[in-house]
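The structure under discussion appears below in the form of structure tokens.
Not measured: the values here are computed from a predicted model. In what follows, every chain begins at residue 1, and chains take the letters A, B, ... in the order their sequences are listed.
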Amino acid sequence: MDNMGQKGTQEEKSSDLDDATFVDIVDILEGQHTGNEVSIRGWIHRERDIGNMVFFNVRDPSGIVQVTIAKDNFDENKFEDIKKLLVESSLKVQGEVAEDHRAPGGYEIRASDIEIVHASDDFPIHKDQSVEHLLDNRHLWLRSTRMRDILSIRSTVFGAIHEFFRDNGYKEFQSPIITPLACEGGATLFPIDYFDEEVYLTQSWQLYAEAAIFGLGNLYTIAPSFRAEKSRTPRHLTEFWHAEVEGLWLDNEDLIELGEELVLHIAKKVLEENRNEMENIHEEGIKYLENLEGPFPRITYDEAIEKLKDAGMDVNYGDDFGVPEEKKLTSMFDKPVFVTHYPKEIKAFYMKRDEKDPSKVLGYDLMVPHVGELIGGSVRETDVDSLIDRLEEEGEDPSNYDWFLDTRRYGSVPHAGYGLGIERVIMWLCNLDHIRDAIAFPRTPNRCRP
RNA sequence: GCCGUCGUAGCUCAGUGGCAGAGCACUCGGCUGUUAACCGAGCGGUCGCCGGUUCGAAUCCGGUCGACGGCGCCA
């Protein structure tokens, strides 16, 4: 750096921008710097040139403020260079902050000095944008205030999950991503070539966690899960972030409470940390979250079927709920709803049967409007012979699960756990039309780039 | 996997059998208070691809590829 070329040296001499202290734009908009000389750095969000004056809306990660550049304050060449800048050019600006009703946001910086950091090429995203174009240019669309807001909320959600489980004595445990095992019965796996052996990307951390709790105790994770299903819906990703938990000695009621408390904690943290983002993304959601408290309603599968029949829907005992059923059911409650005690035939092999009614399993789905299933959880089957029977019913070869079955051969104990789809939580909080906006670089059946 | 819609300029779209168009972006010119500024000019095309019908195809027909929307499957 001390070996810079001669070009521009004179300019740097007259500029304080190289060793300036930069302020966040949000603080200017909150009136903290009014009347003061400040420096900011960021990107040109919009640009208007009216001849002898130029207006930039400059964005940094905290906000957007108008910068006014009057020709009189700059030498002619510099002013011409500034006029030529395109949207998304990066720059440093020094100037006085003024409150002015003509400026968007009510404040502006009257520039006394500008350093062009990089003059942008013609930015591919303009005012007319199709879904396809924005997805093709996702790496650039991440600069939008919309994606910034959603991904800020996402960051809070991840933090809240870690905080909740750690505060409740759960340890973080990592399972392998590469695995020879299926886990969820129906879901399809992505095969990978592991030195000429076909193995898979994991669908779930659960089976490995069930082995680890016997030593470590209660566990959780946040990890990606992969599903090779060509699901063309607004609620599915092929790669999604999965919060999973496995706890010793838990029964179904404990597990319901653990799910409810997690969801309430996430909602509380987002309200605390992302009020501004929520106002931009889903203002009505703020009131909903403020009023959200436990307990959430709990109904059994049988009750759900009855309610749907009473509402005139054509459903029969034994059916799993499709989109129309989920919509109807969730619309009957003003909070997330737990549906418990599903028939064993429509649930995974590892779920424990209810002793009071062995046709049902001890587990639940937590459902919310617009998104569907947020959490799926269950008490785990602890009897090795029952597990083998269920695996055979699913057409699986129990010998592939031998190490897992060992967890039931050596001091088996009651335990339970659930999985939460984090993008679905974000979709619910932000009222997103599509789950792909809940993640920076979504992976769907038709798209795995950029 | 099934059903549907759409592929024309960098972007958003119009054109439905007879000269390839508009708005925005970009370039140039004008403008000292703009608000995704405005005014004038310019630049910009393998009409997704392959084949067929026709004197003539962006347009009609067959196929194919891609994207998007909905269902199913699941978190």
Sugar-phosphate only, base, or nothing, as touched by A:D49 at under 4.0 Å among non-hydrogen atoms: base
Pairing partner (Watson-Crick or G-U wobble, both distances under 3.5 angstrom) of B:C31: none
Carboxylate-amine/guanidinium proximity below 4.0 Å for A:R447 and A:E132: no
Rounded interatomic separation in angstrom, taking CG from A:D437 and P from B:C68: 12 Å
Any-strand Watson-Crick or G-U partner of B:A25, both distances under 3.5 Å: none
Touch class at under 4.0 angstrom, heavy-atom based, for A:H133 against every strand present: sugar-phosphate
Base B:U12 to side chain A:Q129, donor-acceptor N/O within 3.5 Å cut-off: no
Closest nucleotide among B:A67, B:C71, B:C74 to the A:E326 side chain: B:C74
Touch class at under 4.0 angstrom, heavy-atom based, for A:V371 against every strand present: nothing
Touch class at under 4.0 angstrom, heavy-atom based, for A:L86 against every strand present: sugar-phosphate
Distance flag, aromatic centroids of A:F321 and A:Y301, threshold under 6.0 Å: yes
Base of B:C73 paired with side chain of A:S231 (donor-acceptor, under 3.5 Å): yes
Touch class at under 4.0 angstrom, heavy-atom based, for A:L237 against every strand present: base
Any N/O donor-acceptor pair, A:H236 side-chain to B:C74 base, under 3.5 Å: yes
Whole-Å gap separating P (B:C24) and CZ (A:R48): 17 Å
Who pairs with B:A20 - Watson-Crick or G-U, where each distance is under 3.5 Å: none
Touch class at under 4.0 angstrom, heavy-atom based, for A:G372 against every strand present: nothing
Salt bridge present between A:E88 and A:R59 (N-O < 4.0 angstrom): yes
Sugar-phosphate, base or nothing in reach of A:T233, heavy atoms under 4.0 Å: base
Closest listed nucleotide, where the reference is the side chain of A:K84 and the choices are B:A75, B:C28, B:C71: B:C28
Cation-pi, A:F296 ring and A:K335 (6.0 angstrom, 45 degrees): no
Sugar-phosphate, base or nothing in reach of A:P124, heavy atoms under 4.0 Å: nothing
Sugar-phosphate only, base, or nothing, as touched by A:E239 at under 4.0 Å among non-hydrogen atoms: nothing
Residue-level proximity of residues 334-345 of chain A to RNA chain B when a heavy atom falls under 4.0 Å: none
Sugar-phosphate only, base, or nothing, as touched by A:D365 at under 4.0 Å among non-hydrogen atoms: nothing
Sugar-phosphate only, base, or nothing, as touched by A:P324 at under 4.0 Å among non-hydrogen atoms: sugar-phosphate
Sugar-phosphate only, base, or nothing, as touched by A:Q66 at under 4.0 Å among non-hydrogen atoms: base
Under 3.5 Å donor-acceptor pair, A:E229 side-chain atoms to B:G1 base atoms: no
B:U53 pairs with, by Watson-Crick or G-U criteria that keep both distances under 3.5 Å: none
B:G66 pairs with, by Watson-Crick or G-U criteria that keep both distances under 3.5 Å: B:C6
Mate of B:G1 where both pairing distances stay under 3.5 Å, Watson-Crick or G-U: B:C71
Stacking of A:F55 on B:G33 base (centres under 5.5 Å, planes under 30°): no
Sugar-phosphate, base or nothing in reach of A:R232, heavy atoms under 4.0 Å: base
Partner nucleotide, any strand, of B:C47 [Watson-Crick/G-U, under 3.5 Å]: none
Touch class at under 4.0 angstrom, heavy-atom based, for A:H434 against every strand present: sugar-phosphate
